[in-house]
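The basis for the numbers below is simple: all heavy atoms, side chains too, and nothing from hydrogens, waters or symmetry mates. By convention in this document, chain letters (A, B, ...) are assigned in the order of the sequence lines, proteins followed by strands, and residues within each chain are numbered from 1.
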2 protein chains.
Amino acid sequence: MEGVRERLLRVGEELFALKGFREVSVREITRRVGCNVAAVNYHFGGKRGLYLAVVRDRWLPRAQKFREEFTRRLVSPLTPERVVVALAEAFWLAPVPERERWLHRRLLFQELAQPGEALPLMLQQGLLPLYREVERALAAALKTEVPSERLRLCVFSLLAQILHFGFFRPLLKEFLGRDLPVEEIMEHLQAFSLRGLSGWCAS
Amino acid sequence: MEGVRERLLRVGEELFALKGFREVSVREITRRVGCNVAAVNYHFGGKRGLYLAVVRDRWLPRAQKFREEFTRRLVSPLTPERVVVALAEAFWLAPVPERERWLHRRLLFQELAQPGEALPLMLQQGLLPLYREVERALAAALKTEVPSERLRLCVFSLLAQILHFGFFRPLLKEFLGRDLPVEEIMEHLQAFSLRGLSGWCAS
DNA sequence: GTCTATAGCAGGATAGAC
DNA sequence: GTCTATCCTGCTATAGAC
């Protein structure tokens, strides 16, 4: 049975992710949960406390789960192609409901838009470890010795695309004229990241 | 002489970009401008009206300016490399104060985090025309016939990196251990977008 | 642990003087 | 056009009954 505390965390995350911290009222959360307004203060010491608990108890564990999905999908011998595929799959095909993936992106987005004390937590404990993990895999995949800063920038470019294609999905739809299925996005990501524009260049 | 109306737009944009619509109060804006609270209602019909005016009168024109900067920097004969450089330069080296570039990104970010009636405006009149412009340039640069959907996805990947390196600059600093100057970011963007990871691949 | 009731405050908007 | 004064609404947080 899901207690009031857990329901507050779940509903709180939904609303914070959808509208951002300020835009959500404690009343709205407790009404949906079906409990009293005072419950938030009792369990979390206030609205801000609930928000931080959401990040700690729901967002961070999920971030770690995505990271593990990535690692789990790496198959040796490592190639750049396989690293890219593992990364894309971890984000888009992991056994996590689409709804949760959306929540996850969205909450990060909200925190970036209005940075608070949760941001350092999310960056350092959520994103940075993933970046390092990808860097390690990529270093192993590229046989040549690549300067580590070069490598990290490539990791950044990879993640940039993954996050962007998530965040700007509506714009993509408008730009293309149709809603591209995940499989095709992955295919493009792979092609672009591995060969870049020169894959299409005549010269 | 800058009238009250213009100052409200300028200060309003600063604050909306920094904190988001909800987080800013009319009182705060008018206090900084040095006018009365009622001025917002008089000139714009309310807080929301001021926000929309900011988007229309300041953000959209600036978006168009960036687009023109891009077009202006294209030199024939077009090559993919030159398109990438023109795009990066338009965003990072245009004769616009860094502060304004920051404002511009930030306001888009806020609107994406909490979409309102301004979002369609920003996407359709601000971003989409730029995307189409880049697509056109890229199509001319790539001699071979590239399916237009492929091309658009490449444009998306390009812009993804440009926006991401702007939004996540703090994370990049932490990841690299130093704050990368714009010139070096551009160099990487060019290398990655043109050749992808295979530029570093042994096989 | 969970509720009701309320304190205490801040925000947006408006009416009307000047 | 710009100001003062004020209304009304909605919020968080807390005190205290049960």
> Taking five pairs at each end of the helix from C/dG1-D/dC18 to C/dC18-D/dG1, what angle separates the two helix axes (nearest 10°)?
Replying inline: 0°

>> For A/Glu145, I'd like to know if atom CD has over 12 heavy atoms of other residues, nucleotides or ligands within 6.0 Å.
In response: no

> Does the side chain of B/Glu117 pick up a donor-acceptor pair with the side chain of B/Tyr51 at under 3.5 Å?
Replying inline: no

> Judged by modelled atom types alone, do B/His104 and B/Arg62 share a side-chain donor-acceptor pair under 3.5 Å?
Replying inline: yes

>> Quick check on A/Lys65: does its NZ atom have over 12 non-hydrogen neighbours (other residues, nucleotides or ligands) under 6.0 Å away?
In response: no

>> For the residue pair B/Arg150 and A/Phe192, would you count it as a cation-pi contact if the rule is NZ or CZ under 6.0 angstrom from the ring centre and within 45 degrees of the ring axis?
In response: no

Let me check something: any side-chain donor-acceptor pairs from residues 126-133 of chain A under 3.5 Å, sequence neighbours excluded? List them with distances.
unit_1, atom_1, unit_2, atom_2, d
A/Glu133, OE1, A/Arg136, NH2, 3.3
A/Glu133, OE2, A/Thr71, OG1, 3.0

> Which residues within residues 25-38 of chain B lie with some heavy atom under 4.0 Å of an atom in DNA chain D?
Replying inline: B/Cys35, B/Asn36, B/Ala38

> To the nearest 0.5 Å, how far apart are CG in B/Leu159 and SG in B/Cys154?
Replying inline: 12.0 Å

> How about A/Leu8 and A/His43: do any of their side-chain heavy atoms sit closer than 4.5 Å?
Replying inline: yes

> Do B/Phe168 and A/Phe156 make the cut of ring centroids closer than 6.0 angstrom?
Replying inline: no

> Any side-chain donor-acceptor pair under 3.5 Å between B/Gln161 and A/Gln161?
Replying inline: no

> Are B/Arg82 and B/Pro77 close enough that some pair of their side-chain heavy atoms sits under 4.5 Å apart?
Replying inline: yes

>> Among residues at least two apart in sequence or on other chains, which ones pass salt bridge (Lys or Arg N to Asp or Glu O under 4.0 Å) with B/Arg195?
In response: none

> Earliest and latest nucleotide of DNA chain C, 5' to 3', sitting under 4.0 Å from a non-hydrogen atom of chain A?
Replying inline: C/dG1 to C/dT4

> Counting only non-hydrogen atoms, which of residues 14-24 of chain B are less than 4.0 Å from DNA chain C?
Replying inline: B/Val24

